[in-house]
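First listed ligand is number 1; within each ligand, the first listed atom is number 1.
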Amino acid sequence: MGLFWRRKKDDFVSLRLNEPAEARPETPAPPPPVEPPRETVVEPPRETVKEEPVPPTRSPFQSSVLGLNLSMEELQAQEAALEQEISARFRRAVAATRDSLSEKLDTVFTGRKQIDEELLDQLEEVLIAADIGVPTTLGILETVRRGIARKQINDLDALKLAIKTELLNILQASERQGVASETTVPEGIAPYVMMIVGVNGVGKTTTIGKLAQRIKAEGNDVLICAADTFRAAASDQLAIWAERTGVPLIQQKQGTDPAAVLFDSLKAAKARGSEVLIVDTAGRLHNKSNLMAELEKMKRVAAREVDGAPHETLLVVDAVTGQNGLEQARQFLKVAGVTGIVLTKLDGPAKGGIAVAIAKELNLPIRYAGIGEKVDDLVVFDPQQYVNSLFGN
Ligand SMILES: Nc1nc2c(ncn2[C@@H]2O[C@H](COP(=O)(O)OP(=O)(O)OP(=O)(O)O)[C@@H](O)[C@H]2O)c(=O)[nH]1
Ligand SMILES: [Mg+2]
């Protein structure tokens with residue numbers, strides 16, 4: 001499973017403890033003085049705020065969670081153990097999805113000896129029922145039929161393996177799409193702006209809380225922007241997450257133009273030397289075209305203030321909504337310039353195939369998966385592991 005947040009290009013925890021001091025990156029100049037902000041800045045509880053003037057550097061030395069008293073080997077071992085634990089939780093979450101694809105496939109395969117048209121028809125039904133969707137299923141079946149015709153698929157085991165491989169190919173192909181990710185954006189850019197979009201209730205705010213926690217834990221200064229000013233409770237909900245994770249939040253009163261909140265947040269992020277700005281957006285407005293127009297305006301504001309911003313626009317999709325979620329996603333793709341997907345609620349009764357449908361039909365990588373409501377219930381989406389989990393191995 002990949003690293004969660006790879007802004008630092010090093011493969012591991014990048015403490016650089018065993019490198020000579022001059023090899024470490026230069027510390028940029030300290031941030032300009034903070035102007036008195038118009039907006040409300042909700043600061044995290046006192047004990048979690050760093051009091052000393054902190055230069056806007058990504059120096060891992062600021063990050064105590066990484067354990068500066070440990071050697072590189074110990075840190076790598078710790079990281080590996082964490083990865084393993086996360087992998088296990090990911091598998092458990094995906095395995096819990098009802099109507100798992102593997103069970104259904106087993107039903108189709110049970111008692112059969114050979115591949116025939118009836119079996120292929122049933123397979124088609126199973127894949128569509130698992131939320132893989134019609135176009136993607138037809139594509140998979142076409143590949144399978146070709147394999148059968150070429151005598152590359154001769155028995156049921158080979159057929160099952162071919163389907164598994166095809167699902168993996170689809171997920172991995174979308175991963176390779178040349179979309180923005182924090183590794184492709186020049187490191188000097190600050191703040192790195194992440195916009196989180198999606199219809200209401202899919203898990204945007206929760207995902208922001210989880211992301212903020214994790215990105216901060218990896219040694220970055222994070223700021224959250226509460227640009228969902230439509231719903232009264234939205235900002236409060238985000239404030240709870242901000243406090244929980246010890247990440248400051250910029251908010252204004254309900255009804256304020258979200259682009260104005262974003263503008264203030266960008267200014268504040270620059271003034272404070274924040275490295276990452278995570279922007280919450282509304283999932284619902286008076287009507288859909290309002291929502292889309294608002295997102296477009298926010299993107300324009302971001303680009304004006306910070307080069308290339310937003311650098312990442314993550315569309316949150318609730319896995320349980322299945323094909324419906326895919327339809328919603330299409331609407332967002334048209335205007336929001338989405339660069340990746342966060343697939344939430346994989347721990348619920350989702351039918352696993354939706355990840356494959358999204359990858360194939362939207363041609364976007366699934367970056368993260370939500371596997372619960374708690375702050376550490378967000379994992380990097382790993383195609384290989386996902387497909388293995390779907391097939392119960
Ligand atoms: N089981 C589970 N629940 C989740 C997950 N992510 C979010 N939720 C829950 O989904 C509900 C909605 O989440 P929010 O984060 O408020 O969703 P939102 O997209 O911000 O909603 P709006 O602000 O109304 O647009 C909450 O009850 C969350 O706890 C997940 O990965 N698994
Ligand atoms: Mg929300």
Checklist entry - Would you call K160-D106 a salt bridge at under 4.0 Å N-O? => result yes
Checklist entry - Side chain, backbone, both or neither: which part of K374 comes within less than 4.0 Å of ligand 1 when only heavy atoms are counted? => result neither
Next on the checklist: Give the atom numbers and elements of ligand 1 that come within less than 4.0 Å of a heavy atom of R231.
Outcome noted: 22 (P), 23 (O), 24 (O)
Checklist entry - Quick check: does D377 get an N/O under 3.5 Å from an N/O on ligand 1? => result no
Item to check | N-O pairing of R300 and E296 below 4.0 Å | outcome: no
Next on the checklist: Whether the side chain of D264 engages the backbone of V261 through a donor-acceptor N/O pair (distance < 3.5 Å, no angle test) should be reported.
Outcome noted: no
Checklist entry - Is the Mg ion (ligand 2) under 2.8 Å from any N, O or S atom of T205? => result yes
Checklist outcome for this item: Heavy-atom proximity to atom 7 (C) of ligand 1 ranks first, among T207, T344, T206, V197, for T206
Checklist entry - Relative to ligand 1, is D347 under 4.0 angstrom through side chain, backbone, both or neither, heavy atoms considered? => result side chain
Checklist entry - With no hydrogens and no angle check, do the side chains of T136 and E361 hold a donor and an acceptor under 3.5 Å apart? => result yes
Next on the checklist: Evaluate V202 for polar contact with ligand 1, using N/O atom pairs at a separation under 3.5 Å.
Outcome noted: yes
Item to check | Min heavy-atom dist G348 to ligand 1 below 4.0 Å | outcome: no
Item to check | Gap between atom CD of E166 and atom NZ of K360 - 0.5 Å precision | outcome: 7.0 Å
Next on the checklist: Regarding ligand 1, does A282 bring an N or O atom to under 3.5 Å of one of the ligand's N or O atoms?
Outcome noted: no
Next on the checklist: Show me which atoms of ligand 1 lie under 4.0 Å from any heavy atom of G283.
Outcome noted: 25 (O)
Item to check | D228 to ligand 1, any heavy atom closer than 4.0 Å | outcome: yes
Checklist entry - Does ligand 1 have any atom sitting under 4.0 Å from a heavy atom of G201? => result yes
Next on the checklist: What I want to find out is whether K297 reaches D257 closely enough, with some N-O distance under 4.0 Å, to be called a salt bridge.
Outcome noted: yes
Checklist entry - Do any heavy atoms of I371 fall under 4.0 Å from ligand 1? => result yes
Checklist entry - Any salt bridge between K104 and E125, counting N to O under 4.0 Å? => result no
